[in-house]
Structure formats: structure tokens, C-alpha cells
Number of protein chains: 2
Amino acid sequence: MYPETCKSFVAIDCIIFGFDGEDVKLLLIHRGFEPLKDQWSLMGGFIEEMESPDEAAIRVLKKLTGLEDVYMEQMDVFGNPNRDPYGKTISICYFALIDIQKYKHQIINDYRAAWFSLKEVPELILDHNDMVASARNRLKYKAALHPILFELLPDKFTIPQIVSLYEGVYDIILDKRNFNRKLLSTKLLVKTSEKDKLNSKKGAYYFKLNSDVYKEKFSAFINFIPNPN
Amino acid sequence: MYPETCKSFVAIDCIIFGFDGEDVKLLLIHRGFEPLKDQWSLMGGFIEEMESPDEAAIRVLKKLTGLEDVYMEQMDVFGNPNRDPYGKTISICYFALIDIQKYKHQIINDYRAAWFSLKEVPELILDHNDMVASARNRLKYKAALHPILFELLPDKFTIPQIVSLYEGVYDIILDKRNFNRKLLSTKLLVKTSEKDKLNSKKGAYYFKLNSDVYKEKFSAFINFIPNPN
DNA sequence: ACAAAAGTGTTAATAATACACCCATGC
DNA sequence: GCATGGGTGTATTATTAACACTTTTGT
């Protein structure tokens, strides 16, 4: 056995992204317990005795959202020895992409959960704002190359929604003609005959994912975001 | 303070890559101490009391190689609860890219260090072979997009060396004409008037990095590896 | 003179960009 | 009939890919 002094608290924290059709959002909790009561925070938890970090992240995400089989990715470890004044804690961060329509509000005694637009993220406890910043960068990086943002979309979605999604993540304006061409060239999308008439008079066709192509291309490089020249 | 049962051992392990002009190599240690005496292993260590994971990685790397200011990147956390039978240990992995010519063999009582070609990695303790596999994938991923492999090269290097380096990392054969053109188009390289006459009769010109351009383009996307179509 | 590795150019195909108008509908 | 957002096409440029011969020099 190794020396006890090498032990440390180990937690995971989840940066959970959603998309409501207009804006990219972050799921945060309001702590109803000490320490740091009544402050906003990421959802997290300690890793339990017989659990891997990934399992802990899945457990915590399910507790908050009711969802399983969610796209989740390990990102940075935050381990500055002074980051948590309540005990030296190393936190392994995960970012998760969920379909906000599938999110079921869980009744959890100690937390109140709420979605925040990325433009209005409140002050968070400890170094959680840094974690969010890191997750946003990671999301931008990854989504410029791989079609992961489709994880945020419901089963049926329109092209204008995808455009808003990418525009929200990158804070840019896309040329819809060129972007549309690139989207369709991936063969990821299947047009349905239904239209979304809520957001316009003309109505926009709903598309679904071609799940075979999606699985195949999930790790492939696709340049979704134009180079800024 | 949080409950003591949430504590766990936390270590870092370093996957250290080098390049000798022909092959990509891995720096491993032979353990001269229990547990797992006389087996090959990655270099690692526990995170100390007042240390962040990054600081621990830097300390461990320096102890083994004598080098500071090395390119190092946090990668996966290995935290399967059964991964280490000597105590539940979570390991944060780092991969490092060093100039093998700058490597100074350190006299360390408990270890014997040696370089292994990627094609001849021995059986390692615990899950260290998985860590190596993960580091190799990460290296491939990252180096296809960013010029990080230059971290492996000495101050002066030839184009044929760069070609061997990329061919070794990806286990492919490159078209040297197209690759050469892409390399030069990055403006990363400065031709010197010296030639390396060791590896051929004609001799190959030495190049240096243009460090301004290198800093500028370090995070930029450059497609070094052709798409397999 | 020949072997061994270095170096160099052209063409064709593909992908990326810039850009502007018509369409369908609800009011 | 008009305002709103949805949808489409083309021309230009830039990038990538395929492909083979000449150069240098040590032996």
C-alpha cells in the first residue's frame, strides 16, 4: 500500500450543454446546502469507492437529467492545490451534449437546476467558470471537425436550426448557402416531408439524421467552420 | 471537510516520445523496486501535497530526463477502480515530446531508463500499455492538425527526417513531392546552407524552425496528413 | 559508371468562397 | 400585397492529388 499522504479527494464535474432551437445553453444548479449554499455551480460529485471517473460522470449526469447514453467526453483535470478551500480536491471535468427536449427535470432536494444561455452564465463557485470556459473551447474545437453538435438536436430538426446552433457556438454569421451545401454533402441528413411552421410562414422542412452515416462519420474530419482569412 | 472515504491515490504517468532521425521512440523505465520490480513501466509518480497535476508531471519528467520547458499535454485519466492492485489509484496521463538529443541520461537509483521503438514496446505494468496506445492515438490526432511533431526534432533537421517522422507516426508512405510542398507552404522552415552528409551521398540541406511563425501557427489547423480516399 | 538518396514541376480534380435572387405563406 | 424567413445556383479561386525524372556524390 502507498503512503496515505498521497491521497486526495477526487471529484467529477459536468459541463452540460443543450440547445433550445435558438441558443446554446448550460445546465447549472443552485446549491441548497453548505458549503457555498445559495450559489450557482456545475453539477458534480465525488468518485465513489468502486467507480471509475467515467462511471461517476454518468451517474451524476443521470441524477440531474434523468438521461442515460448521452454524449460525454472527458476534458481537463482541474487540480490546483488551492482550488477548493474545503479540502484538496482534484476535479475531472466532463462535457455532455444533451437533447434539451429529452431532459426531464429531476426532483432533487438539494439542488435547483436551471438552463442559462451561454451569454448569461452567472458567477459560479470555485473555478467552475474556468471549467465552463475550457468546455466551450473544447466544444468549439471538436465541433469544427466532427459532427458532434447533432447530439444537441432533437430527432427532427430544420436546417435553419442547425445554422443557429453553429452560429451560437462560434458566435459568427454563416453563409447559409455554402453551409447548407456542406451539410448536405456529408449525407448525414435525411429530408422528411414535414415542415416546422412555428418559426416562419413558409415553414422549414424537418430533417432526420441518417444514423448509419452518422455512426460512420462521427470520428471523421469534416470542416464545418470556414477558415477566417 | 469532505468524507475521508472519497479520497483516493492520485498519480501522473508520462508517455514520453522521442525521435532519433529514423524511428519514433518511447522512453520507459525498468523498475528496480517493489512492487512490480524488474518490469518495464512508464515513468510516473504521485501528486504531492501542494502540487497541481501539471506540476507533478513537470517534476517527474525533469527527474527522468533532466529537461524542462518540454511540450506536454494532459490526456486521459485512467481510473478503473481495479487498475492498481496495490491501492485504488487514479492516474492522470501526460504525453511529452522531447528532442532526444537534449535528453540527458539521469542517474536514478531505482530506475533504469531506455528508449524503445514504437514497434517494439515491451509488456508494461498495470494498464500502461493502454496508456501508450491512447497516447499514440492522441499524438496521431493532434499531429495531423498542428505542427507539434517539430517538438521532437533537434535544432537542425532535414526534410527527409521530417518525412520519416510523419511516416513513422502514421505508419504510411508519403508522397514526398506533395508533402514537401505543403511543408514549405507553412513557412515554418528556414533553409540553412549546411548539409547533412551522414545519410546520403548527395547530402540533405539542414533546416531550422522559424520560431515566430512556429509560435503563431502552433495552434492553427494545418492538414499535414492526406485524406485516405 | 553506378548506386542511393535528394530534390524538383505540371496537370487534373476537388473543395471552398463570394455572391443575389425567387419562393411560399400568414397576415 | 407585402413582410418574413426558407430555399436555391454559378463563377472564381485555392487546395489537394497524382504522377517521373534529374541531380549529386561516394564508392
Side-chain angles (χ1 to χ4, degrees), chain A residues 21-23 144-147 153 156-168 170 172-208 217 220-229, chain B residues 21-23 144-147 153 156-168 170 172-208 217 220-229:
Chain A
E22 300 215 329
D23 290 308
L145 302 169
H146 307 288
L153 293 169
K156 293 174 194 168
F157 46 81
T158 66
I159 306 269
Q161 280 167 5
I162 305 179
V163 173
S164 315
L165 174 52
Y166 277 84
E167 288 182 337
Y170 291 95
I172 52 175
I173 306 268
L174 290 167
D175 180 308
K176 61 182 174 167
R177 289 162 295 184
N178 290 336
F179 187 74
N180 199 346
R181 181 184 310 111
K182 192 173 285 187
L183 262 183
L184 295 177
S185 76
T186 63
K187 320 257 185 178
L188 288 168
L189 303 185
V190 181
K191 194 177 196 171
T192 71
S193 51
E194 268 181 287
K195 277 188 163 184
D196 163 33
K197 310 273 288 185
L198 297 172
N199 297 300
S200 74
K201 291 160 188 168
K202 183 174 179 183
Y205 281 105
Y206 278 117
F207 285 76
K208 294 186 300 179
K217 298 208 172 166
F221 286 131
I222 306 174
N223 289 330
F224 283 102
I225 300 301
N227 287 324
N229 284 328
Chain B
E22 299 215 329
D23 289 308
L145 303 168
H146 307 286
L153 293 169
K156 293 173 195 171
F157 47 82
T158 66
I159 305 268
Q161 280 168 4
I162 306 179
V163 172
S164 313
L165 173 53
Y166 277 85
E167 288 182 338
Y170 292 95
I172 53 175
I173 307 267
L174 290 168
D175 179 307
K176 61 180 175 168
R177 291 162 293 184
N178 290 335
F179 188 73
N180 200 346
R181 182 183 311 109
K182 192 172 288 188
L183 261 183
L184 295 176
S185 76
T186 63
K187 319 260 184 175
L188 287 168
L189 303 185
V190 181
K191 194 176 195 171
T192 72
S193 51
E194 269 181 284
K195 276 189 164 184
D196 163 33
K197 311 273 290 186
L198 297 172
N199 298 299
S200 73
K201 292 161 186 168
K202 184 174 178 183
Y205 281 105
Y206 278 117
F207 286 76
K208 293 186 301 180
K217 298 209 172 167
F221 286 131
I222 306 174
N223 288 332
F224 283 100
I225 300 301
N227 286 325
N229 285 327

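Quick caveat, the model's predicted, so the values are computed rather than measured. In what follows, chains carry the letters A, B, and so on, assigned in the order in which the sequence lines appear, proteins first and then strands, with residues in each chain numbered from 1.
- Rounded to a whole Å, the CD1 atom of A:Ile222 is 11 Å from the P atom of C:dA16.
- One interatomic measurement links the two molecules: CZ of A:Phe224 to P of C:dA15, which rounds to 14 Å at whole-angstrom precision.
- Residues forming a salt bridge (charged side-chain N to carboxylate O under 4.0 Å, His left out) with B:Asp196 (at least two apart in sequence, or on another chain): none.
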Self-check item: Letter per nucleotide, 5' to 3', of nucleotides 19-27 of chain D [B base touched, S only sugar-phosphate touched, - untouched; heavy atoms, 4.0 Å]
Solution: BB--BBBB-
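- Distance from the side chain of B:Lys182 is smallest for D:dA17 among the nucleotides D:dA17, C:dG7, D:dG6.
- Applying the ring pair (Phe, Tyr, Trp, His ring centres under 6.0 Å) test to every pair with at least one member in residues 173-197 of chain A, sequence neighbours left out, gives these pairs: A:Tyr166-A:Phe179.
- Here the C1' atom of nucleotide C:dA15 and the CG atom of B:Asn223 are 12 Å apart, to the nearest Å.
- Remark: A:Glu22 pairs with A:Asp20 by the side chain to side chain contact (heavy atoms under 4.5 Å, CB included) rule, at least two apart or across chains.
- Atom pair A:Leu183:CG and D:dG6:C1' shows a separation of 15 Å (rounding to whole Å applied).
- Going from atom CD1 of B:Ile172 over to atom P of D:dA17 covers 11 Å, rounded to whole Å.
- Annotation: salt bridge (Lys or Arg N to Asp or Glu O under 4.0 Å) contacts involving residues 174-194 of chain B, sequence neighbours excluded, comprise B:Lys156-B:Glu194, B:Asp175-B:Arg177.
- A:Asn180 places its CG atom 15 Å from the C1' atom of D:dT10, with the value rounded to the nearest Å.
- In this structure, CZ of B:Phe221 is placed 17 Å from C1' of D:dT15, rounded to the nearest angstrom.
- Side chains of A:Asn199 and A:Thr158 form no contact here, defined as non-hydrogen atoms less than 4.5 Å apart.
- For A:Lys197, the side chain to side chain contact (heavy atoms under 4.5 Å, CB included) test picks out A:Lys195, with sequence neighbours left out.
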